[in-house]
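Count residues from 1 along the sequence.
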Amino acid sequence: MKFDHQTNGFANTCRRSIRHGATLIDVAVGAALLSLVLIPALGLMGQTSQLLQRLDLQDQLLFEAERVIEQAKIDLCDPAQFATRRGTFDAVVVGNETTSMRSRLTIQDSLTPSLLTMDALVWEDRNNNAEPDEGELSQQLRTQWSQL
């Protein structure tokens, strides 16, 4: 029995000498290393968010340009419109009037008879001057349309 008591006493002594925790220096070094990783990661998250917003806006502009082209195709199904409608027009897609996006459609004759070239430009009009300016995001689509 005395032998067991000495073994238990030795085990208790060993347990007391083992540290369970971190010192203040360990915590400070860990916090510094963590901040070296987290600060750049947070910066990347902000940049990613801005890029996603820009991509979403470009997608909206492209969708609007497609709608301008499709609406022009519908209008040009009328033979009188197909024969006479030429030039550059401010385009408004019915049901999607916005003040932050502007659309412009150019319809001109093509080299081939009975073929029209349509060019749709849609831009984000940040300064509300109804003109595409440098630095404003834009999308442009060009297609050809025939009445035949």
Side-chain angles (χ1 to χ4, degrees), residues 8 10-148:
N8 286 341
F10 177 73
N12 287 338
T13 305
C14 287
R15 280 191 206 143
R16 286 186 195 139
S17 65
I18 297 176
R19 292 188 309 174
H20 294 286
T23 65
L24 185 58
I25 293 173
D26 294 337
V27 171
V29 169
L33 290 175
L34 190 59
S35 69
L36 288 175
V37 172
L38 282 181
I39 291 172
L42 290 175
L44 288 175
M45 287 175 55
Q47 289 176 355
T48 302
S49 175
Q50 290 173 350
L51 289 174
L52 286 175
Q53 287 175 352
R54 181 184 171 113
L55 186 61
D56 184 45
L57 180 59
Q58 286 179 325
D59 192 36
Q60 290 174 12
L61 292 170
L62 185 60
F63 180 73
E64 186 76 15
E66 288 174 334
R67 288 185 64 174
V68 167
I69 292 285
E70 292 303 316
Q71 185 171 339
K73 286 179 181 179
I74 291 169
D75 294 342
L76 292 172
C77 286
D78 179 13
Q81 289 285 327
F82 190 86
T84 60
R85 191 165 183 203
R86 305 291 185 274
T88 300
F89 313 95
D90 286 336
V92 177
V93 176
V94 177
N96 196 23
E97 295 84 7
T98 63
T99 57
S100 64
M101 283 191 249
R102 303 283 182 154
S103 305
R104 186 169 290 156
L105 177 67
T106 303
I107 300 174
Q108 57 191 5
D109 289 319
S110 183
L111 296 175
T112 306
S114 301
L115 192 64
L116 296 178
T117 299
M118 294 185 289
D119 190 6
L121 173 66
V122 180
W123 71 95
E124 178 191 26
D125 195 13
R126 290 183 191 161
N127 57 3
N128 206 20
N129 67 349
E131 291 296 324
D133 299 318
E134 189 175 326
E136 293 178 337
L137 293 177
S138 65
Q139 290 289 341
Q140 187 170 10
L141 290 177
R142 179 176 288 179
T143 189
Q144 294 185 318
W145 184 250
S146 175
Q147 193 177 26
L148 301 176

Going through the distances and angles, do I74 and Q71 end up as a side chain to side chain contact (heavy atoms under 4.5 Å, CB included)? CA-CA 5 Å; I74 291 169; Q71 185 171 339; 5.6 Å; no
I'd like to check [X] versus [Y] (side-chain heavy atoms, cut-off strictly below 4.5 Å). Are they in contact?
X	Y	answer
V122	R102	no
L121	P132	yes
S103	E64	yes

Can you list the residues that meet the salt bridge (Lys or Arg N to Asp or Glu O under 4.0 Å) rule with [X], with sequence neighbours excluded?
X	answer
D78	none
R54	none
E131	R104
E70	K73

Quick check: closest heavy atoms across L76 and M118, and the distance to 0.1 Å?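 Closest pair (atom of L76, atom of M118, distance): CD1-SD, 3.7 Å.
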Do you know the tightest heavy-atom contact between W145 and F82?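 Distance-wise, the nearest heavy atoms are O-CE1, 3.8 Å.
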Counting N and O atoms only, with roles assigned by atom type, does the side chain of [X] sit under 3.5 Å from a partner on the main chain of [Y], one being a donor and the other an acceptor?
X	Y	answer
D125	N129	yes
Q53	Q50	no
Q139	W123	no

With rounding to the nearest 0.5 angstrom, report the CG to CG distance, D56 to L61.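 That separation rounds to 10.0 Å.
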Which value, rounded to the nearest 0.5 Å, describes the distance between M101 atom CE and L137 atom CG?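 So the CE of M101 and the CG of L137 are separated by 10.5 Å.
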Taking atom CD1 as the centre, does I25 end up with more than 12 heavy-atom neighbours from other residues, nucleotides or ligands that are less than 6.0 angstrom away?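 Check fails, neighbour count at 12 or below.
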Going by atom type alone, with no hydrogens or angles, which donor-acceptor pairs under 3.5 Å involve a side-chain atom of residues 105-117 and a protein atom two or more places apart or on another chain?
{"from": "T106", "atom 1": "OG1", "to": "T88", "atom 2": "OG1", "distance (Å)": "3.2"}
{"from": "D109", "atom 1": "OD1", "to": "R86", "atom 2": "NE", "distance (Å)": "2.7"}
{"from": "D109", "atom 1": "OD1", "to": "R86", "atom 2": "NH2", "distance (Å)": "3.1"}
{"from": "S110", "atom 1": "OG", "to": "Q144", "atom 2": "NE2", "distance (Å)": "3.1"}
{"from": "T117", "atom 1": "OG1", "to": "Q144", "atom 2": "NE2", "distance (Å)": "3.3"}

For residues 137-148, which residue pairs pass the salt bridge (charged side-chain N to carboxylate O under 4.0 Å, His left out) check, not counting sequence neighbours?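 Every salt bridge (charged side-chain N to carboxylate O under 4.0 Å, His left out) pair that includes a residue of residues 137-148, provided the two are not neighbours, is D119-R142.
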